[in-house]
**Student:** 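Mind having a look at this structure? Questions to follow.
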2 protein chains.
Amino acid sequence: MKHIAKELDVSISTVSKALKNSEEISRDTKEKVQAFAKLYNYKPNNIAISLKNKRTKNIGVIIPDIVHHFFTTVIRGIEKFANTKGYNVIVCLSDESFDKEVINMEMLANGSIDGFIMSLSSDTQLKNDYNHLKEVTEQGIPLVLFDRITNEVECDKIIIDDQLGAYVATKKLLDQGRKKIALITTQDYLSVSKARTEGFLKAIADSEDNAVEKLILKMPSMGMDESLFTTFLDGNDVDAVLCVNEIFAISAMRYLKLKGKRIPEDVSCIGFTDGLLSKYANPSLTAIAQHGDEMGKMAAEMLIEKIESENEEETYITKILEPTLIERDSTIN
Amino acid sequence: MKHIAKELDVSISTVSKALKNSEEISRDTKEKVQAFAKLYNYKPNNIAISLKNKRTKNIGVIIPDIVHHFFTTVIRGIEKFANTKGYNVIVCLSDESFDKEVINMEMLANGSIDGFIMSLSSDTQLKNDYNHLKEVTEQGIPLVLFDRITNEVECDKIIIDDQLGAYVATKKLLDQGRKKIALITTQDYLSVSKARTEGFLKAIADSEDNAVEKLILKMPSMGMDESLFTTFLDGNDVDAVLCVNEIFAISAMRYLKLKGKRIPEDVSCIGFTDGLLSKYANPSLTAIAQHGDEMGKMAAEMLIEKIESENEEETYITKILEPTLIERDSTIN
DNA sequence: CGAAACAACGAAAACGGTTTCGTGTTGATA
DNA sequence: TATCAACACGAAACCGTTTTCGTTGTTTCG
């Protein structure tokens, strides 16, 4: 701009206004300035604009893991919507660690972003410490929590109804006449695991069928522990399995097949998260779709709404998406 | 800072220096200022610092698709390394579209980032138009291209040796005595597909076994076209299949099994990209690992090196990573 | 004791824009 | 002809920091 101003012998103010097509400036000058701007391929400096406006047009996304189908679909949803609104997405990975989550938030909270979208790390949910979130909201930075959320922090939230998902899936298994149903899940401190377990138990309780046996295996970590897994499946002759993630479900199917079980004839399997594995498994896996794209889109929508809204009224909402049961070949039709 | 300055009755300059532990400022004042800063939880504004330093500590990553195992591992690699160096990662998705790629680059090139890491969209490789990349490099913004690259642009690049990967995989199939080997790939305008096809052909040529038959199916798009696929496999009684991605490989295995073929006894299968599908397929799929994490890490390393190096000497390097053949159950040991 | 050296700090410019508030020129109106 | 809008533009403050270059007041030394 300085350059153009000098070249055209006008002030920087005039250049600025001319480029914004201000009514203040004569048609003549505007055309000249704009022509020069094109010529010199002038592009306004985003940083300077951000400093002036106190708005960066960046949104920070903090997730535990990116090599995970659900999270990537959420990011895609966020990115797509954010882009239409002129926002960029800064992605940080907490790697399931509380400390990294804190560091990342602090890194971004110093003016780099206009708002956060995040899903809690397992470590954070275990520690149950949300001070870093509270600090951010107290600074007035909008925050949207998705999927792995907490009630300890007041902010917008979006989740799928995990309990309902598990309920519907379990009901599906019951309706097929399954009597010995296993739930393979993770520890309860993860908000989603807890909700899914509740849905599972509720469905069985609602069935009022005393012949139904329920079994629950709580895996210690997010990863696979083969021995726990096989011991559980060896010791219990189940006829249905509901797993809280694809990996558990695929592994269960594989091991059951190894043991000579036919799927779905002998054992029905359902897994949470409708990812690639479910689709391409053999047999393909009936799955509870979490609609990550939609979730991401809505999270971005809620966040940008908050960012751009003038009023400071603190009304927070929690949106609950309905999961969908995608029926495939691992359950009987 | 203004606040602290007023409160302590010193100048803003003094506050700034005190916070940076400048030698100019007395121990006494420094302690006071730093204490106040802690008290008021002062955090420097990154935007202002960026404006002053002309360095944002952000790196822009533009990839065609994020719901793709290889790309997510690359992002993870980038993010991890970048974070250790104090950089944040802004992710943009081109969605395989030339236009979006251009828009994203322009959005970020106006001061939002210090450098780019990107992988070309298929659309861009088809159009063969790289002016947006050239503009960016001419502006002096460092650029590192990975995986899907072009020779049309002078910049740092990093790829895996796709030709070698295909060569090794094909050789593996030949060594097993396979005589009728299929390659299922995509169109040649994708740099990686081309290289893989070359490796495939080279391995067969090198074998000097005239009994070996080679077949190539070029799928029209990135997605699956079932009819083309099945027609090809029905019409050719192959005993080995090499696929340029997991989806093709898994689909091939599934269809072959459907036709009564045993894997690996009757047909050996190998796929590019060692992702989740390969690991959890049944049988598990022998795969060519592309080391996305490593690639991402190195890309970030190269980029940050360029960003932080003082000298303007234009020396660009291309790093070539070696792929690894991960042997699993879809090939004979 | 005067000059030089030094320690401690502040004023102001700079980064690249936006925006408010003038100000000087016109032309129309009373 | 004096008055007043409207018009077209410029000066300067501002966003929050950094940094250069003074400017003080105090030592130190010859």
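So that the names make sense, note that chain A is the first sequence line, chain B the second, and so on, each numbered from 1.
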**Student:** Bend across the helix from C/dC1-D/dG30 to C/dA30-D/dT1, to 10°, with axes taken over 5 pairs at each end?
**Tutor:** 80°

**Student:** Counting heavy atoms from C-beta on, name the nucleotide in D/dT17, C/dG16, D/dG22 closest to the side chain of A/A48.
**Tutor:**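 For A/A48, the side-chain atoms sit closest to C/dG16.
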
**Student:** Can you tell me which nucleotide in D/dG16, D/dT20, C/dA11 comes closest to the side chain of B/S11?
**Tutor:** C/dA11

**Student:** Taking NE2 from A/H3 and C1' from C/dG17, how many angstroms apart are they, rounded to a whole number?
**Tutor:**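 Going from A/H3 (NE2) to C/dG17 (C1'), I get 17 Å.
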
**Student:** Centre-to-centre under 6.0 Å for A/F36 and A/H3, is that the case here?
**Tutor:**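 Centroid distance A/F36-A/H3: not below 6.0 Å, so no.
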
**Student:** Using modelled atom types and a 3.5 Å cut-off, is there a donor and acceptor pairing between side-chain atoms of B/D156 and backbone atoms of B/I158?
**Tutor:**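 Such a contact is absent between B/D156 side chain and B/I158 backbone.
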
**Student:** Does A/D114 reach the main-chain N or O of A/T56 with its side chain, forming a donor-acceptor pair under 3.5 Å?
**Tutor:**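 Yes, A/D114 side chain to A/T56 backbone: donor-acceptor pair under 3.5 Å.
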
**Student:** Between the side chains of A/S119 and A/D147, is a donor N or O closer than 3.5 angstrom to an acceptor N or O?
**Tutor:**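 On atom types as modelled, these side chains do not qualify, holding no pair under 3.5 Å.
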
**Student:** What I want to check is whether the side chains of A/E79 and A/N83 have a donor and an acceptor closer together than 3.5 Å.
**Tutor:** yes

**Student:** Is A/K30 touching bases, backbone alone, or none of the nucleic acid, heavy atoms closer than 4.0 Å?
**Tutor:**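 Nothing, no heavy atom under 4.0 Å.
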
**Student:** Counting just side-chain N and O atoms, does A/K20 come under 4.0 Å of either OP1 or OP2 of C/dG17?
**Tutor:**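 False: A/K20 side-chain N/O out of range (4.0 Å or more) of C/dG17 OP1/OP2.
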
**Student:** Once hydrogens and angles are ignored, does a donor-acceptor distance under 3.5 Å link the base of D/dT18 to the side chain of B/K52?
**Tutor:** yes

**Student:** Heavy atoms only, 4.0 Å cut-off, all strands: where does B/T29 land among base, sugar-phosphate and nothing?
**Tutor:** sugar-phosphate

**Student:** Hey, is the side chain of A/T14 poking within less than 4.0 Å of OP1 or OP2 on D/dC9, counting only N and O atoms?
**Tutor:**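 Indeed not, no polar side-chain atom of A/T14 lies that close.
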
**Student:** Rounded to whole Å, how long is the line connecting atom CD1 of A/I25 with atom C1' of D/dA6?
**Tutor:** 14 Å

**Student:** Please confirm whether any donor atom in the side chain of B/S13 sits under 3.5 Å from an acceptor in the base of C/dA12, or the reverse.
**Tutor:** yes

**Student:** If you apply the rule side-chain contact (heavy atoms from CB on, under 4.5 Å), what do you find for A/R55 with A/Y87, and how did you get there?
**Tutor:** CA-CA 10 Å; A/R55 301 172 72 267; A/Y87 284 78; 3.3 Å; yes

**Student:** Could you state the CD1-C1' distance from A/I47 to D/dT17, rounded to the nearest angstrom?
**Tutor:**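 Those two atoms, CD1 and C1', are 13 Å apart.
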
**Student:** Whether the B/N131 and B/E135 side chains hold a donor-acceptor pair (N or O, under 3.5 Å, no angle test) is what I'd like checked.
**Tutor:** no

**Student:** Let me know the distance between NZ of A/K32 and C1' of D/dA8, rounded to the nearest Å.
**Tutor:**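 Taking atom C1' of D/dA8 as the reference, NZ of A/K32 is at 12 Å.
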
**Student:** When you compare the side chains of B/S191 and B/Q125, does any donor N or O come within less than 3.5 Å of an acceptor on the partner?
**Tutor:**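 Looking only at side-chain atoms, B/Q125 and B/S191 do form a donor-acceptor pair, the distance falling under 3.5 Å.
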
**Student:** To the nearest angstrom, how far is B/I49 atom CD1 from D/dT19 atom C1'?
**Tutor:** 14 Å

**Student:** Please work out if A/S26 contacts a base, only the sugar-phosphate, or nothing of the nucleic acid, heavy-atom cut-off 4.0 Å.
**Tutor:** sugar-phosphate

**Student:** Could you please name the option among D/dC15, C/dG17, D/dT18 that lies closest to any side-chain atom of A/P44?
**Tutor:**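 Nearest nucleotide to the side chain: C/dG17.
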
**Student:** With sugar-phosphate meaning primed atoms plus P, OP1 and OP2, does B/K17 contact a base, only sugar-phosphate, or nothing at under 4.0 Å between heavy atoms?
**Tutor:** base

**Student:** In this structure, how many angstroms lie between the C1' atom of D/dG16 and the CG atom of A/N110, rounded?
**Tutor:**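 Rounded to the whole Å, the gap is 13 Å.
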
**Student:** Measure from the side chain of A/V10, starting at C-beta and using heavy atoms only, and say which of D/dT18, C/dC15, D/dG10 lies closest.
**Tutor:** D/dG10

**Student:** Tell me which of A/K2 and A/L19 sits closer to the 5' end of DNA chain C, going by the nucleotide each one is nearest to.
**Tutor:**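 So the residue in question is A/K2.
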
**Student:** Under 4.0 Å between any heavy atoms, over every strand shown, what does A/K54 touch: base, sugar-phosphate, or nothing? Just pick one.
**Tutor:**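 Sugar-phosphate contact only - A/K54 comes under 4.0 Å of backbone atoms but never of a base.
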
